[in-house]
Each structure stands twice: as C-alpha cells, then as structure tokens.
Amino acid sequence: MIRDFFIGFIKIHILYHASENAICGIEMIKELKRHGYPIGPGTIYPTLHSLEIRGYLKSKEVVINGKRRKYYEITGKGFKMLEKSKEKIGELVEEVL
Ligand SMILES: [Zn+2]
C-alpha cells in the first residue's frame, strides 16, 4: 500500500537524480532510504526498467571493480516529464500544504 501510494514520487525522484548524474539501482536504494522510503531491489530494478522501456531513461553497462553495473541517464523525454512533474508537484503542494 505504502509502495503503491508513493511510487509516483519515487519515479519523479529517480528522474530528478538521473538528470543530475547517471544513477544505478543500489545508489537509488540508498538515496531513497535517506529520504525515508524503504525501497528494496525488488521494487527499484523493475521501476528503473519500466522507466527505460517507456523511454524516460537510457541504460549503459559499466564495469566497476570487475562487477557489471547498469547506469541510467535521463533522456530528452524523461527531462520533459520531469519538468511537467515539477509543475504538478508545485500545484499540489500549494493546495495540500
Ligand atoms: Zn534525493
């Protein structure tokens, strides 16, 4: 339930961080935990994958210390969605708070 409710915020948060730097799943798990969202690999990886399928993120494989890791960058489409989401969040915050 909590996950269903916050998944939109989590997606926007992922897009935001991907717009700053390329991100990987494990880093996003730590980052979301810092913000108080206890999201595990079972949620983060499918979410990253679906954002890529929809064209908001683009992945590339990077080898770090012999381990292959998938890093995600924001796409032009993702950036537009992020900008739109910011407007929506602003409007919502104004009403709710
Ligand atoms: Zn953050």
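Heads up: numbering here begins at 1 and tracks the sequence. Indexing begins at 1, ligand by ligand and atom by atom, following the structure's order.
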Practice task
To the nearest 0.5 Å, tell me how far I26 CD1 sits from I44 CD1.
Solution key: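 Here the interatomic distance stands at 10.0 Å.
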Exercise for the section: Look at the side chain of K77 and the backbone N and O of R54, then say whether any donor-acceptor pair between them is shorter than 3.5 Å. Expected result: yes
Exercise for the section: Could you label the plane-to-plane angle of the H35 and H17 rings as parallel, tilted or perpendicular, counting under 30° as parallel and over 60° as perpendicular? Expected result: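 Tilted, since the angle between the ring planes falls between 30° and 60°.
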Practice task
Take the Zn ion (ligand 1) as the centre and count protein N, O or S atoms at distances under 2.8 Å.
Solution key: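 If we list every protein N, O or S atom nearer than 2.8 Å to the Zn ion (ligand 1), we get 4.
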Handout entry: Sidechain N-carboxylate O distance under 4.0 Å for E31, R34
Key =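 Looking at E31 and R34, the cut-off is met.
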Practice task
State plainly whether the residues K80 and E83 are in salt-bridge range, i.e. N to O under 4.0 Å.
Solution key: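 Answer for the salt bridge query: no.
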Handout entry: Residues clustering with V62 (ILVMFWY side chains joined when closer than 4.5 Å, directly or via others)
Key = I64, Y71
